[in-house]
Structures are given as C-alpha cells and as structure tokens.
Amino acid sequence: MPENDKINVLLIGSGGREHALAWKLFQSKRLGICFATPGNPGIFDYCSPSSVNPNDHDEVIEFCLINHIGLVVVGPEQPLVDGLADRLIEAQIPVFGPSMEAAKLEGSKEYAKAFMQQFEIPTAAFRTFSLADRHAIESYAQELGHPVVLKADGLAAGKGVIISSSPEETTQALDRFELDSSLQDAASRIVVEEFMEGEEASVFVLSDGHSTQILQPAQDHKRIGEGDTGPNTGGMGAYCPAPVITPELMERIDREIIQPSITGMQVRGCPYTGVLYVGLMITKEGPKVVEYNCRFGDPECQCLMPTIESDLLEILLATTNETLDQVVIHLNDDAVCCVVLAAEGYPGSYRKGMEIQGVPSQRQTASESILIFQAGTRMEDNQLVTSGGRVLNIVGRGETLQKAVNLAYEGVSRVSFPHRVYRNDIAQKGLQRKY
Ligand code: AMP
Ligand code: GLY
C-alpha cells in the first residue's frame, strides 16, 4: 500500500481507553474513516458509529471487507482471548492485538506462570491446582506462608484474585471460588502464589512479534479508596511517567522481562503482536511480573496517549507488518495524570442515567492541557448521562507531575454529576518520590 494512502479503521471498545485511542488516531494524517463499536458519545466525536457486534467474528470480517478497513484496533482483552485477531489475519485484515494463543498470557494465569517459569522471567513462586484439590492448595499455602495470593486461572472481571492472610481466609477464598457461579469456568484451576512486597507499576511494550518499543512507565490506582484501601476496581486513576521506574530500572526490566517474554513467544511459535502490558512489582530483589495483559491498561492508556508525539496509526500498523523497527516513536517529556470519576457504589452496584454537566461536546485538540475521556456515558434526549461505574476520565498534562496533577483536579472541578466519587490522591506516590 502506498505510504500516503488513507486507512479506514475499526476501533473496538467503549471505555476511556478507546476514547483516548480515538482522540490520538484522529490526529493521524493517514486516517480515513474511523468506525467504532460499541463506542460511547466521546468516541463518536471522532468515529462513525458501527453496529457490528465485536463478539460475532463473521460479522466483524464482513463489515471490514465492505468498509475497506485497513486496521482493526482492539481495545479490550475479551475479543483477543476469543480469537478475533486470528480470524482477521486469516481474512488478511491487519489487526492491532495478539493471536488467541499469544493472548493466553492474559487469558490464562496458569499459562502465563508456566511461560515465565520456562523462560526464567522473574515472578512470584507458585503452583497450580484444580479447585477440587482443596487439601493440596491449603497445604501449599501453608508451605509458602501467609499472606498468599490465590488466583482464578481464567478471565474473571477483576474478581479472580484473593489475597489471603491466614489458613482460615484461604478456606473462605476457596469457598468463594466454588460458590460464585460467574467464576466457575475461570476458577476451575487455581494459581497459588507467593505474596510479593513492593510498589506496583505498569510497563507497555509495543511489539510486532520481533522488535519492541517501550512507552512511558505508568502507575495505576486499583483500589476504590484513598491510600489504596477498599475493594479493587478497574482503576481509579493513573499517571506517567512513574518515577519508581528509573531509566536504569527500565533497562533491567527490558533485559530480564521484556526481551525474554517476546523471544519466549517466538520460541513457542506464537510471536506476540500488539501491546504487551506488563504489570510489575518492584521488590527488594528487583522487578517481578505480577501479570501480563494483552491490551492497553485503562486508565493507563489515557495517560500514555498524550505522551506520544508520533502518528499513532503508523505505529499501530507497524506492529501488524513487522516494521516496528522502522518507526521512530517520539515521546514528549510531559507528565500526565488521569483521575477517574465513578458512580457512587462502584465497584458494587450503582445508579445509571444521572445527568452529566460540563463535558464539552466538541472534539478536543492535540494540544489541550486538560482532556476529558468518556467511559460509562450515553446520550439520553440530547443530554449526556451516566451509564457505567467508571464514568469520566479527567486528564491533566504539564511539564512536571505536580502541574499535571493540578490540571487534572482543575478539570475535575469543571464537570459534575450527582453522587460521583473519585480519589484525591492520584499520583501522590510519584510526587513523594520526585520531590
Ligand atoms: P492480577 O489480576 O494478577 O494483576 O492481580 C490483581 C492485583 O492483586 C495486582 O494488581 C496486585 O495488586 C495484587 N497481586 C496479584 N498478585 C500478587 C502477588 N503475588 N503479590 C502481591 N500482590 C499481588
Ligand atoms: N488498569 C488496569 C487494567 O487495565 O487492567
């Protein structure tokens, strides 16, 4: 395809992550029409709505052929774990995201841990069991010493990891895995692993199967409450770059974790393409992998996109045709902070349909210092209302982390909806380390 040809894109997803991807893709000189499904009102400022069902792979392929789609960008993990990328590749439609086999790095914790063991990638000590094997699980937990971490093997929508502080809690955790009908498949196998002490951070690696390019290190805030308290959520805020990952540490992470991961997937015959999200614990002994994900983090992506100066469409395309080594990815020096506004009750039950005020309806430019990325929103009688747990992502960016944080919270004060909740301490760990 000649370099200057316009490329139509199909963007799959409906969260803040996909809104940030749509905003950044829209800045590409090569973008033709960008379609999005299921999308959200913010995404539709940049993309044409498509009603194609991302779970129906035949329908996706037919849509792509009819609309001359030159790149499918898959935001969330489920379509990748279900093999959408494989079907698209068979139909010769370029796709940003890994094959079903490579997506097992996220889809199966048992697979990921065995992979790390085979390629000597640092991670917590572990063993894998059938859930029915309760006695063996309990005695291995005793052997490791509490706290221990019990993980459902499969995708579990954030409910699959339990940290247990005592033998009694381990028994209760196993009961929960057994009784939760939504977890039955995911929890039929259980990984039991050593509890790692340290600070968590996320590293995002673009890969075309062979070459890699690393984006800014980021830090998520997974718990609902300030000071990292309360239940886990999809993420209540993020910032980048995270100073816990110094340039020297990033070199070590590249050498000990990233390169062996990419080479390992080649050796296994399923080269990893797309973005590999490596969740890390920075322990006293060094960086260790907590988990792999086969997609961008949400809300980390909302922070990463404003740091990329280069053409995102060119970058994502390069991951699909083994040309990532020919692309120069220019990252700016901005610090970026994202604060998530959620509906009260999240991550449990919450109300929907509450009116949202203050969100501009026009497109946001490339250079804005406060950006709003929508997540659980919809239009009702021409009014933007809430339709999910995580509702808005307010992003600030500046030349220092403090400025980025101030701008993000200034953005928070410009928008409103009833019973919103958010954390006031996003990026505090980074600020304390830096100043
Ligand atoms: P995961 O889905 O594997 O990322 O686990 C969710 C969260 O549980 C992680 O972000 C960590 O905060 C925590 N976690 C998971 N595994 C461990 C571990 N081995 N040691 C300490 N914390 C862990
Ligand atoms: N922010 C955590 C995740 O995307 O899984």
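In each ligand, atom 1 is the first atom listed, and ligand 1 is the first ligand listed.
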Review point. If we ignore angles and hydrogens, is there a donor and acceptor under 3.5 Å between the side chains of Gln432 and Lys429?
Key: no
**Study point:** Close residues, ligand 1: non-hydrogen atom nearer than 4.0 Å
**Key:** Lys109, Ala124, Val149, Lys151, Val161, Glu193, Glu194, Phe195, Met196, Glu200, Lys222, Met281, Val290, Glu291
Exercise for review: Run through Glu18, Glu300, Glu106 and flag the one making a salt bridge (Lys or Arg N to Asp or Glu O under 4.0 Å) with Arg295.
Suggested key: Glu106
Review point. Do Arg87 and Asp82 sit within salt-bridge range, that is, some charged N less than 4.0 Å from a carboxylate O?
Key: no
Practice item. May I ask you to say whether Arg134 pairs ionically with Asp175, meaning some side-chain N is under 4.0 Å from a carboxylate O? Key: yes
Practice item. May I ask you to check whether Gln259 and Thr212 show a side-chain donor-acceptor distance below 3.5 Å? Key: yes
Point to revise | Any donor-acceptor N or O pair under 3.5 Å, side chains Asp86, Ser99 | key: no
Review point. For residues Asn406 and Gln402, is any side-chain donor paired with an opposing acceptor at under 3.5 Å?
Key: yes
Review point. With distance as the sole criterion, is a donor-acceptor pair present between the side chains of Gln302 and Asn393 under 3.5 Å?
Key: yes
Check your understanding: Are Glu199 and Arg433 within salt-bridge range, i.e. N to O under 4.0 Å?
Key -> yes
Point to revise | Sub-4.0 Å heavy-atom environment of ligand 2, residues by chain | key: Asp220, Gly234, Tyr277, Arg295, Gly297, Asp298, Pro299, Glu300
